[in-house]
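Below is one structure, written out as structure tokens; comments come after it.
Keep in mind that the numbers below use all heavy atoms, side chains included, and drop hydrogens, waters and symmetry copies. Naming convention: chains lettered A, B, ... in sequence-line order (proteins, then strands); numbering from 1 in each chain.
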There are 2 protein chains.
Amino acid sequence: MTDFYNINEYKHPLFTVDSVLFTITDGALKVLLVKRANSPFEGSWGLPGGFVDIDSDSTTDITALRKLKEKTNVEPPYLEQLQTFSGAHRDPRGFSVTLVYFALIAAQNVSTHIKSIDDVQWVDINTIQDLSIAFDHKHLIEHAKQRLQQKTLYSMVPIYCLPEYFTVGQLKSVIEIILGKTIQRKSLIRRLESTNIVEKSDEKVSSGGRLAHLYTLKSGVDIVNFERNLSA
Amino acid sequence: MTDFYNINEYKHPLFTVDSVLFTITDGALKVLLVKRANSPFEGSWGLPGGFVDIDSDSTTDITALRKLKEKTNVEPPYLEQLQTFSGAHRDPRGFSVTLVYFALIAAQNVSTHIKSIDDVQWVDINTIQDLSIAFDHKHLIEHAKQRLQQKTLYSMVPIYCLPEYFTVGQLKSVIEIILGKTIQRKSLIRRLESTNIVEKSDEKVSSGGRLAHLYTLKSGVDIVNFERNLSA
DNA sequence: GCACTTTGTGTCAAAAGGACACTATATTGT
DNA sequence: ACAATATAGTGTCCTTTTGACACAAAGTGC
């Protein structure tokens, strides 16, 4: 494609993009897995991902989103790079590099599509130990989970696991599932009120007791990082 | 190399590994730049890096260290992944992906080697705006600087910019250069004493006033993250 | 010896989360 | 209708960690 340099002069690593997409359903943290259609590991479960299409993907972010949309029919509202993993033996085809993204989505926004097909499923993160997973993807998922937990201590990212309008109770519940421990409702409210990223709606919604206020993420805002972690 | 899959079936992105190696000298934060020997951008300054040697590098971490050692003659004591940057137009040869590392080293451990050659230099981070730098490397350096500043708020990473034995005064100075603001000596000492990663030696050293205690990083320890940031 | 410099400590104030009691307002069952 | 129960939200004090800053300690240089 150029005369600067012959791209086939050296042997290249195999380069792929994979994503760890989390959601919360049935009171548990789940990861999206897909059944592999191709060798290697054909037929076993692995992370959604694949090769960059260098003619149509402008960046690897687009690659990740494209692959996720193929599987879920929607693009997740939160996507960030996790880390790049590499090694001579992590793929039987040779030295490989995979750029792993981590993403969040509200279960409501995908579940109907997922349930209708049999090569995509949500897997409870706690049952992954017992499964056989392609490549080193089990390891990648573990890394992503730790990053999600860490970010939950100093940001409001779990909001992206909720629908557009949500209550403090729902957010508290999502955070507790991610962290695997309870947190103080008061602390959560203090943080919500001190950031400028959510809006308190006037609407209230029933939740088995006193009506709960609805909150919503302001549009176009970036996630704020607090200067202090919740107690780990 | 395999019959699973023909590696040349698709067009691949160009994959490289680059490093942003920081140090502190002359009261300023500096980045290592090298003069490019090959096209593109031959003759201009850029980050040390290059292609993975898939026959000898076991991971990309090794690639980064190998490239840094070629230029500085030593391996930096601190190395971590920064981020992967990609795009169809960041390299004139086509779609490219670069995995960027960020590294720290004590100036004392490299300066003699660097000064003797003319294709490697330390550049003051504040003068980089005015320079012409290969690819989007100026942008990568800016990202790395922000990460370094952020980590400095909640960890002791700046220790890796210091020699084996150092004083609180030296560490305070390095941190202040990185952050571009003064910090409280008391806060620094409190943090040093609350972590278990440094050892207070009995030796003292002259520093223009009262003798200063020497500290040293315990061997084999990992960097500890504090639960709270210093004030930004 | 005296001024100055850098190191190190003591102490109080400020900020933000944790704990937890208490109030408010729904739903549900009888 | 009313009590029991559940969830939402507030008020308040405690705890932890950092910021601020005065002060003491111990060198150097003239």
Side-chain angles (χ1 to χ4, degrees), chain A residues 27 149-156 158 162 165-177 179-216 224-232, chain B residues 27 150-156 158 162 165-177 179-196 198-216 224-232:
Chain A
Q149 289 178 333
Q150 194 58 34
K151 283 197 104 103
T152 298
L153 294 176
Y154 63 79
S155 79
M156 289 290 174
L162 291 169
Y165 288 91
F166 58 90
T167 66
V168 174
Q170 290 174 320
L171 180 55
K172 176 168 182 283
S173 162
V174 164
I175 291 173
E176 292 179 339
I177 290 165
L179 296 178
K181 70 183 283 291
T182 59
I183 63 166
Q184 294 282 328
R185 169 188 305 275
K186 181 76 180 180
S187 299
L188 179 55
I189 292 176
R190 276 193 289 232
R191 283 189 161 196
L192 275 178
E193 286 178 349
S194 75
T195 64
N196 213 22
I197 64 166
V198 292
E199 202 154 14
K200 190 173 185 172
S201 151
D202 288 332
E203 284 180 85
K204 297 180 186 176
V205 73
S206 171
S207 51
R210 177 174 169 174
L211 297 186
H213 277 277
L214 283 178
Y215 287 77
T216 191
V224 171
N225 293 335
F226 298 96
E227 298 210 332
R228 202 167 155 176
N229 285 358
L230 294 176
S231 65
Chain B
Q150 194 58 33
K151 284 198 103 103
T152 299
L153 295 175
Y154 63 80
S155 79
M156 288 291 174
L162 290 170
Y165 289 91
F166 58 90
T167 66
V168 174
Q170 290 175 319
L171 180 55
K172 175 167 182 284
S173 163
V174 164
I175 291 173
E176 291 177 339
I177 290 165
L179 295 179
K181 69 183 283 290
T182 60
I183 62 166
Q184 295 283 329
R185 168 188 304 277
K186 181 77 180 181
S187 300
L188 179 54
I189 292 175
R190 278 191 288 231
R191 284 190 159 195
L192 275 177
E193 287 177 350
S194 74
T195 65
N196 212 23
V198 292
E199 202 154 14
K200 189 171 184 173
S201 151
D202 288 333
E203 283 179 87
K204 298 180 187 177
V205 74
S206 172
S207 50
R210 176 173 169 175
L211 297 186
H213 277 279
L214 284 178
Y215 287 77
T216 190
V224 171
N225 293 334
F226 298 96
E227 297 210 332
R228 206 168 150 175
N229 284 358
L230 294 176
S231 65

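- Pairing each heavy atom of B/Leu230 with each of B/Thr152, the nearest pair is CD1-O, 4.4 Å.
- At a threshold of 4.0 angstrom between heavy atoms, the contacts of A/Ser231 are confined to the sugar-phosphate backbone, with no base atom among them.
- For A/Arg228 against C/dA16, a side-chain-to-base donor-acceptor contact under 3.5 Å is present.
- Residue B/Phe166 comes nearest to B/Thr216 through the heavy atom pair CE2-CA, 4.0 Å, listed as atom of the first residue, atom of the second, then distance.
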Show each protein N/O and nucleotides 27-29 of chain D N/O combination with a separation under 3.5 Å, one pair to a line.
none

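- B/Glu176 meets the side-chain hydrogen bond (donor to acceptor under 3.5 Å, both in side chains) test with B/Lys172; sequence neighbours excluded.
- Atom CD in A/Gln170 sits roughly 9 Å away from atom P in D/dA8 (whole-Å rounding).
- At D/dA8, one or more side-chain N or O atoms of A/Ser207 fall inside 4.0 Å of OP1 or OP2 (strictly under the cut-off).
- Residues from residues 179-187 of chain B that place a heavy atom under 4.0 Å from any atom of DNA chain D, listed by number: B/Gln184, B/Lys186, B/Ser187.
- Residue-level contact check: B/Arg191 touches the backbone only, with heavy atoms under 4.0 Å from sugar-phosphate atoms and none from bases.
- The main-chain N or O of A/Leu192 is found under 3.5 Å from a side-chain atom of A/Thr195 such that the two form a donor-acceptor pair.
- Using a 4.5 Å heavy-atom cutoff, the side chains of A/Leu211 and A/Glu203 are not in contact.
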